[in-house]
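In what follows, a single structure is set out as structure tokens and then discussed.
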Amino acid sequence: MIRFLSRLTPVLATAAVFLAGFVVCSLIYPNFASLRVVMNLLTDNAFLVIVAVGMTFVIISGGIDLSVGSVIGFTTVFLALAIERWGVPPLWAFVLILVICAAFGACMGAIIQYFELPAFIVTLAGMFLARGVSFLLSTESLPITADLYAHLSDHALRFEGGARLTVPALVMLAVVIGGMVLLHLTRFGANVYALGGSRTATGLMGINVARTTVLIYILSSVLAGLAGIVFSLYTSSGYSLSAVGVELDAIAAVVIGGTLLSGGYGFIFGSFLGVMIQGLIQTYISFDGMLSSWWAKIATGLLLFAFIAFQQLTLHLARRSRRAPAGVHP
Amino acid sequence: MHATETLPPPLLALTGFSKSFAGFVALDHVDFTLHAGEIHALLGENGAGKSTLIKAMTGVVHRDAGTLRLDGVAIAPRSAEEAVRAGIATVYQEVNLAPNLSVAQNLFLGRQPTRFGLVREGEMRRRARALLGEFGLSIDVSAPLESYSVAIQHIVAIARAVDQSARVLILDEPTASLDAHEVEVLFAVMRQLTSRGIGIVFVTHFLDQVYAVCDRITVLRNGRLAGSAPVDELPRLDLVRLMLGRELSEATSRRPPVVEGEARADVATFRGVGKAGTIAPFDLALRAGHVVGLAGLLGSGRTETVRLVFGAERADCGAAEVAGRAVSIGSPREAMALGFGYCPEERKTEGIVAELTVRENIALALQARRGALSPLSRREQDALAAKFIGLLDIRPPDPERPVGLLSGGNQQKVLLARWLATAPRLLILDEPTRGIDVGAHAEIIGLIRNLCREGMALLVVSSELEELVTYADEVVVLRDRAHVARLTGAQIEVSTILATIAEAPSSVPLSADAA
């Protein structure tokens, strides 16, 4: 039990930071502590959480996916064109874009696996490619006026005090729960951790490393596509410059959530909290009304530093306590 | 048909295994037979072909010829995975499991019990506890593997292998990183497995362990089967002969008459120098014009000794004196400043820089000694290269040729030239004739003799005892990470060295581990 808690320490620390931040905000702004603020936090950051869930899989397996922001941008442009210009029914457009994203992820995963290239380079190329293609499709911001969009943005679970749990937020919560089940309770999830622990050993244990790697990048790209759909619902438009730099926000959230950037350790729920902390800072800034929104970046940067230092410290302490009994036999 | 029915068929039978890599014959028609319930030691020095044989039978490398029968049925696994499925599992010295996963996940990764696609964590832990219980291990299986000692990680690896319906278990130097108690635990596990009818191939270089646990011994030498016999029919001396010697009767190599009575100056003396867990404290005196040979089996502490002398490893006790002054050698840099040179055993990885030319390789050590601020001019480098290419007869005599394109013998000469360029007082050679064709052996030995005549002190590690006795003035015999004997003069004979290596270890200081 103590061991289990020690593995959870980074996530507990993230949760503590979030709660402390929330309490501080509530003390400064009396109407901060409301269901409405919390629900808005979920809706506003839904797409980022969805991407961060995929990124968590990738990072735990020892990889990285820099292409997700561009994939979101590409998705919004593709949806706007497909629905508005080419007359594709919105639901079919959703299916189509998810299939395209899956193929894109499969290609990146296969290149990483079979050409033994670093994920950083391959997904960097994917990032330029996806962004470039979306510019090729259109450089303008395209409004999406389909009925489904208007309908979906009306649809929400309503609570008293004007709080609404919107469709994007519901999708996001489903992805978080689904991601937790997949990562923590299935054979696939165990293989993802094993890959991050030792790639060669995983292969020698008879796990199909190639298949697992390709599936991980498919998952990340499909979730980026889903995040793109949610983003287009949220903005009711498609724009090739949308979601620039979101991959870095997602990586930051995953690391703040306690996942080790070198792979092997981490939790989906931590990444969720990591996004929520970033959202909390944004909300604080909008409540203040005077602060520049760039303060959000500065705060995120400082938090990242703090969390990485914290992780190294706990790792160091854990290793030291392990080494002590072994020292009996020099 | 009737004849075979009377004898139990062997569990695993390899016949005529051959494998060569780019012209180098690693395995030459090797036969190997393993019976059910048997622990079979597979022994041999470096490069004898043990690893290649294991890799060939588990499909990691593809054999050129030979048949493999498991329970009388011919099989041909093409990967480690297929070998495991057929019933042959291997556990390597390095534990190949995921350190971050729990013990239970490691035992069942890829075959966890599931319901509706979800891993049944409780059921998996229950099975893991039951499985490890069979090995007398009662630990928290939900804790990450890395929180346990290497010995427990080994047992987990073995348990995983055996549970995947292994009939044949190959243990490749599993004891190298274990202490004495952990080795006992592992042996208990091995004995228990044989009682279940599993056959174990045990690779080790600790002879004590062979006699403690094995039923049969097979020895490889230079890719060939050197011999195979039950343990009680192969006493230590015969075993060491099989591993090291060719035919002892003809191995009474004549040494040239030793020039006696030359009281040469001490170049370096070491008193009580040692390092816990690496090599027991030893005394060593290196004199000008004197060759000291280090003889012993693989892992006996030869390389460890020279690494301490050269400062590549830091001694934790003892005192060193160079040219009459007390010194402390903490790094190779300091050793080089004192006039030491070291040609390591792993020529390819530690010695030559294959992409650089002969000239650049030769200039390397001298340049390092002079420091980056006073570069050797191109003219000096050319002169240096020309001198040593002539002196050592490096072929082809082209200073601008990348060293990687030279033969092994010539690479070795370049390495020698590099150190000779620094005019060392003491030159350390670790297996100077390994991997070199026979003709070049004589040349290298001739060079060693010449260097010695010029007044250099030499410390040579060699497994080639017949060669060692022809040039060494003194031979230090090592066993179990300790210097156990110092042979001089007429004592320097292959048979004496072999007998000393093979002596039972009870009368000698044991390694620090066993204490």
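Below, chains carry the letters A, B, ... as their sequence lines are ordered, and counting in each starts from 1.
- Between Gly110(B) and Asn191(A) the shortest heavy-atom distance is N-OD1, 4.5 Å.
- Distance check, rounded to the nearest 0.5 Å: CG of Asn96(B) to OG1 of Thr200(A) gives 6.0 Å.
- Residue Arg160(B) touches chain A through its side chain alone, counting heavy-atom pairs closer than 4.5 Å.
- No other option in Thr114(B), Val84(B), Thr90(B), Val95(B) has as many heavy-atom pairs under 4.5 Å with chain A as Thr114(B).
- Crowding of Lys55(B) atom NZ: a count of heavy atoms from other residues, nucleotides or ligands under 6.0 Å not exceeding 12.
- A donor-acceptor pair is defined here as one N or O able to donate and one able to accept, closer than 3.5 Å; such a pair exists between the side chain of Arg187(A) and the backbone of Gln112(B).
- Here the shortest heavy-atom pairing between Ser198(A) and Pro99(B) reads CB-CD, 4.2 Å.
- How far CG of Leu101(B) is from OH of Tyr265(A): 9.0 Å, rounded to the nearest 0.5 Å.
- Ranked by non-hydrogen atom pairs under 4.5 Å with chain A, the options Glu82(B), Arg111(B), Gln105(B), Glu121(B) are led by Arg111(B).
- When atom types are taken as modelled, the side chain of Asn100(B) and the backbone of Gly196(A) share no donor-acceptor pair closer than 3.5 angstrom.
- For chain A, the nearby parts of Leu118(B) are the backbone and the side chain; heavy atoms of each come within less than 4.5 Å.
- Only the side chain of Ile207(A) has a heavy atom closer than 4.5 Å to any heavy atom of chain B.
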